[in-house]
Amino acid sequence: MKELRLMKGNEAVAEAAIRAGCDGYFGYPITPQSEVMEYLMYQEPHKTTGMVVLQAESEVAAINMVYGGASCGKRVMTSSSSPGISLKQEGISYIAGAELPCLIVNVVRGGPGLGTIQPAQSDYFQSTKGGGHGDYRLLVLAPASVQEMADFAGLGFELAFKYRNPVLILSDGVIGQMMEKVELQPHQPRFTKEEIKANTPWATYGKTDDRGRNIITSLDLDSHKQEKHVTHLAEKYQAMEENEVRYEEFQTEDAEYLIVAYGSSARISQKAVDIARAKGIKVGLLRPITLFPFPKKPLAKLATQVKGILSVEMSLGQMVEDVKLAVECKIKVEHFGRYGGIIPTPDEVVAALEQKIIGG
Amino acid sequence: MKELRLMKGNEAVAEAAIRAGCDGYFGYPITPQSEVMEYLMYQEPHKTTGMVVLQAESEVAAINMVYGGASCGKRVMTSSSSPGISLKQEGISYIAGAELPCLIVNVVRGGPGLGTIQPAQSDYFQSTKGGGHGDYRLLVLAPASVQEMADFAGLGFELAFKYRNPVLILSDGVIGQMMEKVELQPHQPRFTKEEIKANTPWATYGKTDDRGRNIITSLDLDSHKQEKHVTHLAEKYQAMEENEVRYEEFQTEDAEYLIVAYGSSARISQKAVDIARAKGIKVGLLRPITLFPFPKKPLAKLATQVKGILSVEMSLGQMVEDVKLAVECKIKVEHFGRYGGIIPTPDEVVAALEQKIIGG
Amino acid sequence: MTEEIIIAGFGGQGVLSMGKILAYSGIMQNQEVSWMPSYGPEMRGGTANVTVVLSDERISSPVINSYDTAIILNQQSMDKFVDTVKPGGLLIYDPNGITHHPERKDINIYTIEASEEAGKQGLMKTFNMIVLGGFLKLKPLIQPEFIHKGLEKSLPARHHKLIPENEKAIEVGKELIKAVQLV
Amino acid sequence: MTEEIIIAGFGGQGVLSMGKILAYSGIMQNQEVSWMPSYGPEMRGGTANVTVVLSDERISSPVINSYDTAIILNQQSMDKFVDTVKPGGLLIYDPNGITHHPERKDINIYTIEASEEAGKQGLMKTFNMIVLGGFLKLKPLIQPEFIHKGLEKSLPARHHKLIPENEKAIEVGKELIKAVQLV
Amino acid sequence: MSEITKEQIRQPENLVYTKTKLLTDKALSYCPGCGHGTAHRIVMEVIEELNAQSETIGIAPVGCSVLAYEFMNIDMQQAAHGRAPALATAVKRLMPEKLVFTYQGDGDLAAIGTAETIHACNRGENITIIFINNGIYGMTGGQMAPTTLPNMKASTCPYGRDVVTMGNPLKMTELVAQLPGVRYVTRQSVHTPGNVRKTKKAIRKAFDMQKENKGLTFVEIVSNCNSGWKMTPIQSNKWMEENMFPFYPLGDIKVDGQLVK
Amino acid sequence: MSEITKEQIRQPENLVYTKTKLLTDKALSYCPGCGHGTAHRIVMEVIEELNAQSETIGIAPVGCSVLAYEFMNIDMQQAAHGRAPALATAVKRLMPEKLVFTYQGDGDLAAIGTAETIHACNRGENITIIFINNGIYGMTGGQMAPTTLPNMKASTCPYGRDVVTMGNPLKMTELVAQLPGVRYVTRQSVHTPGNVRKTKKAIRKAFDMQKENKGLTFVEIVSNCNSGWKMTPIQSNKWMEENMFPFYPLGDIKVDGQLVK
Amino acid sequence: MAKVKGDIVIDIEKCKGCEVCITACPNDVIAMAKNVNGKGYHYAESINEECIGCANCAIVCPDGVITVYKIKL
Amino acid sequence: MAKVKGDIVIDIEKCKGCEVCITACPNDVIAMAKNVNGKGYHYAESINEECIGCANCAIVCPDGVITVYKIKL
Ligand SMILES: Cc1ncc(C[n+]2csc(CCOP(=O)(O)OP(=O)(O)O)c2C)c(N)n1
Ligand SMILES: Cc1ncc(C[n+]2csc(CCOP(=O)(O)OP(=O)(O)O)c2C)c(N)n1
Ligand code: SF4
Ligand code: SF4
Ligand code: SF4
Ligand code: SF4
Ligand code: SF4
Ligand code: SF4
Ligand SMILES: [Mg+2]
Ligand SMILES: [Mg+2]
């Protein structure tokens, strides 16, 4: 039986993680996401599911704990907000390189630097193109509601294990801090030892006689092997592009213009669509749910239908590059954003649409 | 009088920094760039120019030392290689946010993770789109010779102070480790106290009665102020795009095809151009020297002349996105790369050109 | 129907939980709801506020710049939010501690002497429920049964014994609310 | 003119500095040069090698897969590099410690008994200069005066007194080099 | 003895105490009764006494005192969480003639900043570290810090710190006192007039030693966090005396490079 | 007494010593005479004695022993520089029934990994840290480490470590011994048969204590780095005895949670 | 011992009503006002003439809002 | 005390010629060969019959290339 609750996004992802059979959470406090760990500490899942919750000494330690836990075939996760996620870049690159499954939550605030603790979406590049070094990609899920904060915990673990790849939930201060109603999934047990052996035969749970030793590493001093490894990673990312694209469309059937927006911005843009339609402007919304893989094909298709696209982001304009690449610059694509912690209003979005796309 | 020397790229950037009046270097060893600090320690510039050279306890400490030093209006720098640069992302975002001038050298090796210590160019996204959180940009210089490793030290400091922005020299294991001849610039004195007062009136060198206190921060709890600040940063990046684009063209006058490549790849591609021309293929090379700002305009111009572009990088394909955006997808743009520490040969580049662009 | 409400006051006045009870009650009544607090560095003694939206449709933005209703519990909040009430909208405030009363002419204004009443009854803890009662009197958006369920859901089980007291406070609030200006 | 050379041997054989002297001499002669070492984690006892390119034009790549000349100083390097000499190219090796002699028929092969000679003369430090002499005999790419300048530039001042000794070793090498196979 | 009016007393020549000019006029952003305010003030008083405004650089990382630069009327740098000692290292090495101090919380100094703290101390950087230990992460809403006492409650240990799973409180001050580069280490408080006076003396001593290039000086101030501890200021000061001081005893730990405790 | 042939002696039943099966057949990648090899071997011998191959997870970060996983025939994780204790923390907490150890160099453990080391120790994670202190960064070409001795030369202190500007050598082992979560701390070496035997016993003790959930156990092995020190193995062992041991004296530092030194 | 007389001036708009000064005063000079200031805090006020200008209150006041005067009688 | 006789077997291809075993042997059984192995190292070899199988050499050999046998006589 599904359960209905009023929860913060930060709480929802925590509760959903417990229910998804998460084995371990490792984190460090930072606004606006500290409720993730606080909720877990309050729930004491070690007494129920056996899940370990540990406050690390830093984000660097936390992400490396995730590396250690993931190496054992466990479902492990961490969460932070922008500056903390930047500190984790080396660890994330290692995790991607060693092909470890894990869940990372970024409840984005405005940057750069210490910036502001208010919501923003200015970590898009970092999340989708690789903020760490080397050729790697995260699978990036962008929730637009508290419900999705909950849903993406389970989905995130599933995809992480399917691809042996870190999955990032790219949220923001709005989604993390707001309460909405959530339908919670029933509890799913943690992996048993047998399941770990079966599902993650590469994991380091102790070398038994029936197999060679398992090694978790991202190192290859031999460049030819390393190149092979990177090629293998590239194939994996290709497979994600083919199989894992997720998005939502609103009122696109007859649209002459399109807004592309994710997360909080998508919610606001949805309202903007209503307002614009009330004014007689035929506009639709495409909401990428996965930011990597980016919904290139549906966008390319819509590009043959609409006259122009407004990319709405709480940033100086990052996703807009992916939108342009997706539509191969065939139609006009403009960016509209507020930033530094400011959330645009639906009216501003409509005005930007009118000015930059329809009028422009 | 200029001096001629045979030097490693790593040594050249170090020697040139001393000569450019660098006040402080803060680093941590990592292959293939440890010679930067080793050279400095051997030279003991504290005995000559007074430059401070300090081995930090980690890359995180090093970049924050740079933050501290830059805050004083000093010419300071650090260097590392890919994993170490990932660790520096939080610090770099802070430096960008607080608008501090400094020089960062990344002698790239293959990733992700520990990867390989051999040369690569897979940190392009991290360098140009912001590996750290928030909306910011580094000014990125890509040397293709030991001479440029030397030249860009001085140029880097100049630009850093001009824009109050971190400048990244994006080098790689080839350029860092190889020796070539270098013409060294004459010594330039370090900033005097008076110069610091005059050039960097914002610097924290002690509040005197003739001015209010100087504060170095990237924080604005008030989102409206933070948005203003980010807008100001955006304007600065815009100004860089207008004034600081640097690139080199080879044999583009009559080119029917174009190769775009930077750093080591550009050297190899230059040879590829010779080979291809010998075969009768009219191909030219555009070498971006600044990766941000990216030479969009010259590329857009060439796009009206050539039939196709091959973007050559030692990566899975990162810069290729900027090439596509620059030419607005008007002509065919393909990526060719080797990676994981493998350096492509000129012949491979020619073959890729023939297959992917001319034949394809 | 969409109702966009801001509740603002001091940290200790139960602003956030009032919003939470409202939101939970909305859920019980099968509505869409959102609850969005102001959050910040924990430097207390400042103001706290929460935006609650109750709607029959999917809620687009939980962060809003103008409100149908503002419930104001101190002067700082009054200064900050008085101009955000939509023309024709509703402003409810507790006059205790208010030095500059609202001067807008285009909104409906009510006062509720909740803190005085709560003080009298020695029930400071139900102060926020008195205010809520006043609001519900004017905008009976939620049926009493769902308020009851909302209280059940939002209070921890060990506090369920306090529900009757809270409900009583709501009733008190309904009595206390006073029109100052109607447009 | 472009000459692409690999010099490969044990870590302690002076491979890198031989390359450096060659490169510095090239500069003195106003040529373009590049010197690119193999680098790796410092696990010693392994092989060391360096690629040197001397050219009249700008050098495109300091990293090369096939060479005009290979100078090979141990078996491991022989195994690794024998096939990288361009057809018609030059292979010079010190037979000491070589168990599998090169079998290629399409390249010019010379031996130089440099380690034996250096051992005899008790001048192990100039071993690499003997080898260099052999190479210069076959490919007099650099004029002796520029070799002298190259030595001056690449040796620290306190070692300048050793230059004559080094130059003598180069002359010794010129005598020692022996053709094994010419194509 | 004639009756004296308030007016007569309130004359400039009778002034005994007023807020130092080295604090700005901005109202402090701290909670009522928070020791940060007092600590700020005495640091600034010492700098005023030393007439050192023009030669002092202060560095405060994130934590409740992230806005210290709004209040301290000197040149200041705002550091990333945990990294103030790295900044200070560079500042002092580049401008050895300046007076350089960091002002760090316990979360900052003893958790994420452990490496920077230990290594600046170990190098004996000639700086002063002012360490405000309130046993909690105040700024972010009262999470457990490395210094949180056993069984003490915080938002990430709502049932009290369980030393078995969460570790023991970390006495960074005692640890750094072990390092030869560290010259002076003391632990003080600012909750009573007497303690404030002592702490101010300690800070003065630290700054004096810095001016004499003696090496790193380290002043811990055990302080309250009413909000995090969920107490009134008066309660929290009492709780601090009864619970924090036994675990973090006040007094000098290292003087002139010699351990005294 | 009749003449015995080598053949007669070399019989399985006469076997006194051979390389443990818990080392793979790969030739070690270390320089001739490097203590890493011996340290690897005795760790594996202890695991063999404990019959614990199937329950052991080893964690080695970067450093010369980054390839430990090529040699140790057990499940292993390769950690980022300095972070092995963080990995080990998670591994042990998620699989408390396993034997978990880290194998870290001095650059790794005492420089970049300072915070992770101190905090894993302070939490009293029930793991074993094997700490190879060779006073230098071997892997990257002999740079100065936090443990480099005063005046000792390294590639980033080519004129010798100047303690005034580069700080004093850091005795991390003594520091972590101060922490209550740490149960057993010892410093040993592997350059003579006697020392190898002692060190092996120490490792055995550490692993035994881990099996008994006693808390963190910490075994430092002072070792040589011939390449970094630019000496022959024999010279380096002698130099180590004469220079390293006086500064890093061998012996137990903490036993059963009690400081003994 | 010369007799002294002191007086304090409290910047009541900046007072946060923490009561720390009250505890510190040897002569019970200070008490909390019934009224609140603009920020809603009950502020400190001097309630009698017993002040000896010892400055204890000012020294412990976290917000530095007390100024102290003293004259020798 | 019962007399013993030992013998060692050295995997010469894996020996790195570090000489540590030589220092450790109580009976000077080991010396370095004049020849080098495939990697170019002068390898260790047993040069007499004095081995008592104490295993000291094997225990200190960093590369674990020595196997030791012993019989009681
Ligand atoms: C990298 C990073 N991680 C986390 C944070 C969030 N953060 C800000 S201050 C702080 C801790 C504050 O505690 P403390 O240092 O004890 O200072 P206090 O507020 O108690 O005075 C944290 C975790 C941050 N700003 N940056
Ligand atoms: C983030 C990061 N910084 C730097 C390095 C380079 N690096 C690898 S190992 C090492 C130090 C090795 O020294 P130590 O830990 O003492 O081990 P040893 O090689 O001496 O056994 C360094 C600096 C790295 N791999 N990652
Ligand atoms: S939260 Fe705690 S430390 Fe921060 S200002 Fe309030 S009382 Fe002081
Ligand atoms: S470099 Fe040093 S530590 Fe590394 S293998 Fe060689 S001797 Fe051992
Ligand atoms: S100065 Fe002394 S006596 Fe006067 S009010 Fe303050 S504490 Fe009391
Ligand atoms: S100590 Fe200061 S802030 Fe606190 S009540 Fe007294 S005067 Fe007010
Ligand atoms: S076993 Fe003992 S006696 Fe025999 S060779 Fe080895 S060390 Fe010498
Ligand atoms: S100790 Fe081992 S590696 Fe060294 S010489 Fe002896 S047998 Fe060879
Ligand atoms: Mg604190
Ligand atoms: Mg080491």
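Quick note on labels: first sequence line is chain A, next is B, and so on, each numbered from 1. Computed from a predicted structure; not experimentally measured.
Ser264(A) and Val174(A) get closest at one heavy-atom pair: OG-CB, 3.4 Å. The shortest heavy-atom contact between Cys102(A) and Ala70(A) is CB-CB, 4.5 Å. The shortest heavy-atom contact between Tyr339(B) and Glu227(A) is N-OE2, 3.0 Å. Listed here is the closest heavy atom pair of Ala303(B) and Ile331(B): O-CG2, 3.6 Å.
Taking Pro83(B), Gly110(B), Ser82(B), Ser315(B) one by one and counting their heavy-atom pairs under 4.5 Å with chain A, the maximum is reached by Pro83(B). Interface remark: of the candidates Leu114(B), Asp220(B), Asn106(B), Leu114(B) forms the most heavy-atom pairs closer than 4.5 Å to chain A. Heavy-atom pairs under 4.5 Å with chain B were tallied for Ala234(A), Gly97(A), Ser122(A), Gly111(A); the largest tally goes to Ser122(A). Among Gly115(B), Ser127(B), Gly341(B), the residue making the largest number of heavy-atom pairs under 4.5 Å with chain A is Gly115(B). Of the listed residues (Leu316(A), Thr116(A), Thr217(A), Val60(A)), the one with the most heavy-atom contacts under 4.5 Å to chain B is Leu316(A). In terms of non-hydrogen atom pairs under 4.5 Å with chain B, the most contact-rich of Ser93(A), Ser81(A), Ala120(A) is Ser93(A). Of the listed residues (Arg109(A), Gln126(A), Glu328(A)), the greatest number of heavy-atom pairs within a distance under 4.5 Å of chain B belongs to Gln126(A). Most heavy-atom pairs under 4.5 Å with chain A, from the set Ile95(B), Leu219(B), Ile85(B): that is Leu219(B). The choice from Lys330(B), Lys324(B), Gln318(B), Gln121(B) that makes the most heavy-atom pairs within less than 4.5 Å of chain A is Gln318(B). Ranked by heavy-atom pairs under 4.5 Å with chain A, the first of Thr231(B), Asp222(B), Val108(B), Leu233(B) is Thr231(B). Ranked by heavy-atom pairs shorter than 4.5 Å toward chain B, the options Gly340(A), Ala96(A), Gly130(A) are led by Gly340(A).
Contacts classified as salt bridge (Lys or Arg N to Asp or Glu O under 4.0 Å) and involving residues 113-136 of chain B (residues at least two apart or in different chains) are given here: Glu321(A)-Lys129(B), Lys129(B)-Asp322(B).
Neither the backbone nor the side chain of His229(B) comes within less than 4.5 Å of any heavy atom in chain A.
A tilted orientation is assigned to the rings of Tyr262(A) and Tyr124(A), their planes being inclined by 30° to 60°.
Side-chain atoms of Phe294(B) and Glu241(B), non-hydrogen and from C-beta on, never get closer than 4.5 Å to each other.
Here Lys307(B) pairs with Glu256(B) under the salt bridge (Lys or Arg N to Asp or Glu O under 4.0 Å) rule; sequence neighbours left out.
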